[in-house]
Structures are given as structure tokens and as C-alpha cells.
Amino acid sequence: MSRHIDNFKQSYLWYAFKRDKVAIASMIVLCILVFTAVFAPLIATYNPYDPINTDVMNSEIPPLWMEGGDSAFLMGTDAQGRDLFSTMVYGMRISLLIGVGAVVLQSVIGITIGLISGYFGGKLDSFFMRMADVQLSFSYLMVAIFFTAILQAAVGVGRFGEIAIPFLILVIGFSQWPQYARTVRASVLAEKKKEYVEAARVTGFGAGRIMWGHIFPNTLSPILVLSTIQVANAVMSEAALSFLGLGMPISRPSLGSLINSGFEYIFSGAWWITIFPGVLLVVLILSINLLGDFLRDVLNPKLYKG
Amino acid sequence: MSSLLEVKDLVIKFGLRTGDVTATTGVSFTIEKGEKLGLVGESGAGKSVTGFSIIVLISKPGYVADGHILFKGTDLTKISSEEMRNIRGNRISMIFQDPMMTLNPVLTIGTQMTETLLAHNPKMSMKEASEIALEKLRKVHIPSPEKRLEQYPHEFSGGMRQRIIIAIALITDPEIIIADEPTTALDVTIQAEIMDLISELCETEDMGFILITHDLAVVASVTENIAVMYAGRIVEKGRTRDVIDNPQHPYTKGLIKALPEGAKGSNRLNQIKGMMPTLTNIPDGCAFNPRCPYVMDICKTDEPSLIQVKGMDTQAACFLCKEEVFTNE
Amino acid sequence: MSNNEQSLLSVRNLYKRFDISGGLLDQIKFSGGKFSREITLVKALNNVSLEIKQGETFSVVGESGCGKSTLGRTIMGLYPPNSGEIYFNGDRLDQLSPKEMLPYRSRMQMVFQDPYASLNPRKTIKQTLEEPLKYHNPQMNAGELRDRVEEVLLQVGSDPKWVTRMPHEFSGGQRQRISIARALVVDPEFIVADEPISALDVSIQAQILNLLMDAQEQRNLTYLFVAHDLSVVEHISTNVAVMYLGTVCELADTKLLFEDPKHPYTMALLSAIPRLDGKKSERLKLTGEVPTPINLPTGCVFHGRCPYANSRCIAEIPELKTHSDGRKIACHAVEEERIR
Ligand SMILES: Nc1ncnc2c1ncn2[C@@H]1O[C@H](COP(=O)(O)OP(=O)(O)OP(=O)(O)O)[C@@H](O)[C@H]1O
Ligand SMILES: Nc1ncnc2c1ncn2[C@@H]1O[C@H](COP(=O)(O)OP(=O)(O)OP(=O)(O)O)[C@@H](O)[C@H]1O
Ligand code: SF4
Ligand SMILES: [Mg+2]
Ligand SMILES: [Mg+2]
């Protein structure tokens, strides 16, 4: 293990990272945000899901430093009277959970299809790639709206809230697999020509072993680059859906639904309910994207940011 | 009277993130009109960077740290890039290994040839330029050159492309041609044709020619002078026949004996142990000492300089060479 | 085929073509007012037959694109042949399923040209060497695997301590040693070496060639050696096949072939080798363009460049005929005794 750390320390990646101030800053910000999200119960001052902590009397209290601020609520409260800071921390946790979950799903589907497509080629390849084209020609938003609307109507808005997280992961995950499939397929086509793959075939290894054991590890750097970009995209997608009222319910808000819920109050003076989660979302997405850009430049200058 | 080209104590360095590394140390050679010089050595010996430095075209982290490159008495390391542009591709031309790297795939051969010419002679008319292009294509034995001018690089075979590259290199009537592995990508039959062509042209045009290659046999059959490079240094230099028939430096000897022709009936080849050091770990003393079968104590501490070997026309950088008793087995 | 001298590997009338016409849409051509489907085939191997005897080094030479690698890869089962037969030790290979092929996989191995592409960059040397061994010998335990890998690494002149390192830590020559170790570790009888030294420096080439010859002696290996360096071929092989555009034009004992080439192409090839002694041998100069294997010439594939070609050469494909001294030549001029 220490050998791997040594190797990493000598690598170009680490060298480039040390010299890139933007990358370092993004990394720090992202680490803080992820830490906050993971340990939300310890960091948040209240549990926003616990009705005991919500009191409608406390609604729309402005942030601490403004007139009428309450020392109990650092960033003020939302329309339901929840502490905005705690709600945001929990909201970010949900946003990230959906984002990462969707990316895991996308990558599992996309990588499998990409490997099969690239390795076997021929009719199978044409079939999968046409499927990918079709999938991409539908806007994911349209697909998501369609299914969410149906599901909400079928199970009712109340029950929908309970299954919203896995459902959003599924919708966002399924709609974005072609990105992975195409990236992986392109790498496989390049790797497949290399002689180490032929050496593996000459040894008699089966197709599955060659694909997963030999080719796949060599496609990891473009996958890593794509994954950072896709996490940011998935968090954005979830925020967009939630903003349209098709995502997380306001009882368990994500950043997107928080922004949405505060939107009605923005002109009545309670701007903070929308602006704070909005800023947090922007910072989160920006730090991920900047890191993604850095990785892309270092690992794979040829890859085009999708 | 100054030589056509004189390279003196050339030191080329690369600025890397771990510090500067030296790619060549004290490389010196001269070349006269009509002379053919072979620069041989293994991969990484510094042949290409030496070639590039002559036309002041070393890629980014590389730079000429010391030494002079005198072209008819003018020091190319000191002149402005404006003046250099007038020399490069005009009076000194370079031919590369991969023809497709030099040829632009979307322009016809004719356009590419006249373009070079017009760039260096703005006053020339298009018609004149085409005339010259035609003449050069004939010179490199391209059949029906009028038709060929209208064609694109991909319509030619590898050997034809290399000839066209030569025609382009010739188009400004240069005084020196530097060819970096011009035939490594080609088959032997085509290599033989190209080498014949180049030899013929050097004679008729009275050009200086520097052939950079790793293939001793090609050098033996084309050039009259040779410089053997090892780890960024010239270790032996002299007339090609002398050096190949009677090598002085242990590396040259090893290299020649390692060829199948050198095995002399035995089944096993005479291998040189170990491998060439990378730029970052060149040993103290003679750079060849860890691989040398004749290594002495002094080789590990002092660096031998290139000296005239007694009683011979050859120069070699080896402590053994001072003594005339040095025998070849 | 006589019984007492049975070939280890024999190839009969092998044909291999590659379809490079792409998808259906690319195949449709419009000409003469009609749409037609055009399939572009690269005719990489055309009626290739050869016999390789136990313990010999059989070399294949010829210019770039003449099908040398395709021959090696087809024999190894990396490409399915379009027609023809491949026998290993008398067993027919070309129709076996991957599963039936498995026992032969450890008996036939391959060494590749590019030392930088032939080792998986994400696997340690240990993984690269142990995986095939374990795959073919599932009963071996960790200790036996390690011992075997160590033994093979020593044989190829590498340090067994290297096993924990990654390929990028090695030079080209060292990587080529490891590639050879990977082929040797499953204890094969037959190895296809596709230009194993072309990418290496002269001083390293000698090391690798010696290594290959030593391994042959110790393990009684048979090689199919693909190369374009003719002086190397002359040095190491027992028999040589000269290929041109996917066909064998001359096949003979090495000494015979190099001393007295008969086929015009062999003559041209051998006379073009640059010699260290600088003497220019009487060159047989070729004229004309090298045709592509997509549109094969009629008759003898060499007729467009051959100084001896006549009308028969344009019309009729010459057969590979065995001569009294055992060599095989496919040339009308030799048959008609216009070339002696
Ligand atoms: N851009 C670069 N950055 C760092 N080092 C370089 C660069 N270009 C060349 N070098 C180093 O300079 C040394 C000499 O390189 P050069 O290309 O001249 O070798 P060569 O003799 O032409 O070899 P080859 O036969 O492989 O072409 C090599 O060790 C190489 O690693
Ligand atoms: N996978 C493939 N798909 C399509 N065409 C191929 C393929 N492999 C080889 N070819 C073609 O088949 C012909 C023979 O190629 P092959 O690689 O066997 O030549 P070679 O003799 O090994 O040449 P070289 O000396 O350059 O390695 C060439 O025209 C090549 O373009
Ligand atoms: S058959 Fe005819 S064309 Fe072919 S090599 Fe012989 S003489 Fe030349
Ligand atoms: Mg070079
Ligand atoms: Mg090949």
C-alpha cells in the first residue's frame, strides 16, 4: 500500500495537482462539502425531518446578522419554520446521494454496454450504439418529467415522496448511460488493438475475463474524468427536476426543492430561502466541474467535455 | 576558408520538472560540400536533437546550452529567428522519418512544393515555381510528374512519398540536407532506391548530406564519413570504411560485432551487456564504462575526450586509444 | 507427408481476407444509374501452404503489408481463416471451438513486436506472468506458481525481484524479455515471434536473439519467426519463406535461399540488403508500383514489377513447385528455365 502511495507521489497527476491552485481550492471546498453532507446529523444544528424542531411560528426568520435575526437560526428559517442551515446540509446530502447513486447506475450500465460493444463489434455494436443515439435524442428532462408525472399520478404525491430518491436515481441513471457507453467503447476500440489483448487471447482467456480483467482497467482514466462531470450533471438534473416540482418533496428537500420552495417568497423579502441553497448548489457544482476539468487536462487531453 | 557546416562543442539540454538534463555534450563535427556524413547510434543517443539543433528547431523544453553551429562561418545559434527562417528549409533542408508528418494531406503535391518556393522567393511567379517543381520531381525519378503535381499525398505509396519529401527538400537548391531516419519506415527494396537517389543527388548537386540512422549497414553503403554517438557524446569519428573495418572505441566494436555478420559462424551473437543509460543517470567517467569489456579504473572517474588515434585517421574517446598497442581481435 | 518426419505445424491452402467496407451504408455505391452493394476485401493471404518441422526456426520475410503478421495470427487462431487448413501435430485446429482449442493454447504461444503495447500497463509483472500459468494449471498452489515464474524470469535474464513492478518501469529490451517470459511460462512447444526485435536497439537485439536461441535449445522449441531484417533471418533460421502480396513466392533452406535466390522477387530483396562491407551487390532493380492487396493483379502477383514477366505471367497464377534440391518456387520463368 505504501508503495502505491509512493508511486502516486511521483506521478504526474500529483505533480500537476500540486501546481494547480484552482484544483487545490476546488478539492478543499469539495472535501468540506462532502464531509458536511456525510456527517450532516453531527453538523446540522437541528434535524429538519423531525417535526419537533419545526414551528410555524418561526417561519421566515431572516439570517442572524439581519434585523429580526434569531441567534438560534444562523441562516434564518424557511417558510415552514425549519432552520435553513440544517435543512441545506441535509438537502445537500440528498442531492449528493442522488447524484452519486445516479452516476453509479449510469456507469454500471454504460461501462458494460461500452465494453461489449467495443470488444465484440459488429451487429451487437451497431445495435447498442443506435440505442444510445435514440436515448440521447430524447432530452432526459422530457423523459424524467414524463415518468415522474405518471408515477406521481399513480401512487399519489404523498407516497411519491417516500420512493423519490430511488426513483430519481433510476430516472437520471437510465437517461445518461450513453455517455459512458460511448466513452468506454472508444477506449476499448483503442485498447483492443494493442498487443497485450492479443496476448491474452492467445493464452485462451475468455471474452469476459479479457474485457473486465484486462481491458477495463485501462479505460479507467477517461471513466474517472467523465464521472466527475457526470456527478455534477446528475446533481444539476436532480435540482432541475426538484425545482420543477417533480423531484424531492418539500418534507425531505434536496437543494433543488429548497430553491423552489423559497422562490415564492423571494419577492416578499425572504430571499435567503432561495439564495443560500442556490449559492451552495453553485459552489458544489463548480468545485466538482473544476476538478473534472483539471483531471481531464491531466489524464486525457483529447477527451471532449460532454 | 570556413567549412560548409561546423558544429563545435554542442551542448543541448532539456529543462524538465526535475531539473535540467543534458542530451548532448561536446558534440563536434564538420561537413564540406558534397560530403556525406552518417550520424549513428542507438535510440536516445541524441542523434535527432543534434540534427534539429542545426536548423534551430529543438522542441520546447530543449535548448542549445553551449557551443556553436557555424554555417559558412555564420553562427546559427546567434542569429535572429528572421534570418534563421531564411536559412532553414532554404539553404539547409531536413527530411524526416514519417512522410505523412511533413506532407499536408489536404493540399496537392504541387501546391506544397510551390508554396515552399514562393515563401522563400516572394518575387517568383507561379509559373516559374511550377517549372522548378516539375524539374525536381523528375530529378527524384517520379514518373509522369505533370500528372503527379495535381495529386494528394495519400495517392502515393510510401516510397513515392519519401521521394516527394526529398523533392520538396531539394526545391530551394539547399546546400545541406539533413535526413533523420529517412528510410526506417520503408522496405529494403525501397530503402535501397532512396539511398541510391540521395547519393546520386549529393554528387550532382554538390550538397552536404547528414544521414541520421541507427543502421550501420546503411551508413556503410552510403556515406564516406561517420560519427558514432553514445549517450549524447560522439565516441568515434572518421572515415566510414576505417571505422567499420577497424573500429577503435569499444562501443563501436561491440556494435559491429553484435550484428549477425559479426557472429562469424558461431550461432550466438556477440551481445553488449546492459543498456544505454538514460539521460538522468549517465555514469561518472566514460559513459560506456558499465558496459565496456575493457573497463579500467580511470574509466570510472575521468571522462575521456575525443582524441586522434595514433597512426590512424580516426578519432575516438577512449583511454585505451592513446596506446598504439591497442589491438583488435 | 512422410511419417518419420511429421511436421509440427502445417498450413494448407490458407486464405484470409479482411472485409474493410464498413457498415451497410458505406457499401452502397451508385454507378451507371444503378445502386449496387460493393464489398471491399483485403486479400491478405492467398493460398499459403507451408510445413514447419519440430525444432526448426522457420522465418517469413517480405515487404510491409505482404501478410506476414496475418499468417502468424491466423495460425494462432486470432483470426479465423476464410478457407484452408491448419494442423498442429496432426490435429486440425482451424475448426475447433474456443473450448476445444484451450489445450493447444499452452502449447502454442506468441511474442509480439511492440514492447510498449504487449504488456498490460495496469498489471504487475507477477500478475502478467502468473495469470496464464494459473489459468492453464489450476492445480498449482501459490508457491509453485511463484517458483515457476521465478525460474522463467531467470531464464530470460531478468531479475526475479522485478515481479512487483509495473511495465512502465522497464526499458524496451527488458519488456521484451518479460513478454518472452510470458510466452515461455506455460511451457509451449511452438512460438510465433512476430518481429520480436524490430523495435529494439542493435545491441539489445543481439541480447534478445541470443535469448530466443538459448530458449529454443533448452526447451526444444519450434519458431515461426517473422522479420524484415534479412541478415537476422539469415543468421537464425533453418528455412525461409519469402512472401509477396499474400502469396509465398519462394520457400527454401536458408543457406540455399541466401546463396542462390531463384525467384525474381527474392533476388531483388536480397540484392537490396545494405551490407556492412559497403560493397554493392549487383542490384536487381524493380520497376512499377507496389499493388494493393485489395485489387490483386491477375496471374503472378509480382508481374507488374518483375523484369522477367511475359504474357503467361499476366494470365496464369504460377504454382508453388518443389524442385529437386527441395526448394519451392512459384515462378513461370524459373519453371520455363528462363532463370537458372
Ligand atoms: N522533448 C523532450 N523532452 C525531454 N527529453 C527529450 C525530449 N526530446 C528528446 N529528449 C531526450 O533527448 C535524448 C536524445 O533524443 P534523440 O531524439 O536525439 O535521440 P535519437 O538518437 O534520435 O534516438 P532515436 O533513434 O530513438 O530517434 C533522449 O534521451 C531523449 O529522451
Ligand atoms: N485487422 C485487419 N483488418 C483489415 N485489414 C487488415 C487487418 N490486418 C491486416 N490487414 C491488411 O492485410 C494486409 C497484410 O497485413 P499484415 O499485417 O499481415 O502485413 P505484414 O506483412 O505483417 O506487414 P508489416 O511488415 O508492416 O507488419 C495489409 O494490407 C493490411 O492492411
Ligand atoms: S511468374 Fe513471371 S512475373 Fe512472376 S516472378 Fe516469375 S517471371 Fe516474374
Ligand atoms: Mg531520432
Ligand atoms: Mg506485421
Legend entry - Contact class of C:Met101 relative to chain A, heavy atoms under 4.5 angstrom: neither

Inset, instruction - Specify the closest pair of heavy atoms between C:Arg122 and A:Ser221, including all atoms of both residues, with the distance to one decimal. - result: NH2-OG, 3.7 Å

Legend entry - Top of C:Val192, C:Asp194, C:Val111, C:Asp114 for chain A proximity - count of heavy-atom pairs under 4.5 angstrom: C:Asp114

Inset, instruction - May I ask you to check whether over 12 heavy atoms, not counting those of A:Phe147, lie within 6.0 Å of atom CZ? - result: no

Inset, instruction - Using the side-chain contact (heavy atoms from CB on, under 4.5 Å) rule, pick out the option among C:Met76, C:Arg182, C:Arg73 that qualifies with A:Val202. - result: C:Met76

Legend entry - Choice from A:His214, A:Lys194, A:Lys193 maximising heavy atom contacts with chain C below 4.5 Å: A:His214

Inset, instruction - Tell me, for C:Pro121 versus chain A, whether the close heavy atoms (under 4.5 Å) come from the side chain, the backbone, both or neither. - result: both

Inset, instruction - State the CZ-OH distance between A:Arg201 and C:Tyr79, to the nearest 0.5 angstrom. - result: 8.0 Å

Inset, instruction - Give a yes or no on this: more than 12 heavy atoms of other residues, nucleotides or ligands lie within 6.0 Å of atom CE of A:Met131. - result: yes

Inset, instruction - Indicate yes or no for a side-chain donor-acceptor contact from C:Asn120 to the backbone of A:Tyr196 under 3.5 Å, with no hydrogens or angles considered. - result: no

Legend entry - A:Met236 atom CE, neighbour heavy-atom count above 12 within 6.0 Å: no

Inset, instruction - Count the heavy atoms of every other residue, nucleotide or ligand shown that sit under 6.0 Å from CZ of A:Phe120, and state whether that count exceeds 12. - result: yes

Inset, instruction - Check each atom of C:Leu119 against the heavy atoms of chain A and say whether the ones under 4.5 Å are side chain, backbone, both or neither. - result: backbone

Legend entry - Candidates C:Glu131, C:Arg105, C:Gln109 - the one meeting side-chain contact (heavy atoms from CB on, under 4.5 Å) with A:Thr203: C:Gln109

Inset, instruction - Please indicate whether C:Tyr87 has more than 12 foreign heavy atoms, meaning atoms of other residues, nucleotides or ligands, lying under 6.0 Å from its OH. - result: yes

Legend entry - For the student: nearest non-hydrogen atoms of C:Lys123 and A:Gly213, plus distance: NZ-O, 3.1 Å

Inset, instruction - Measure C:Gln127 against the heavy atoms of chain A and call it side chain, backbone, both or neither at under 4.5 Å. - result: neither

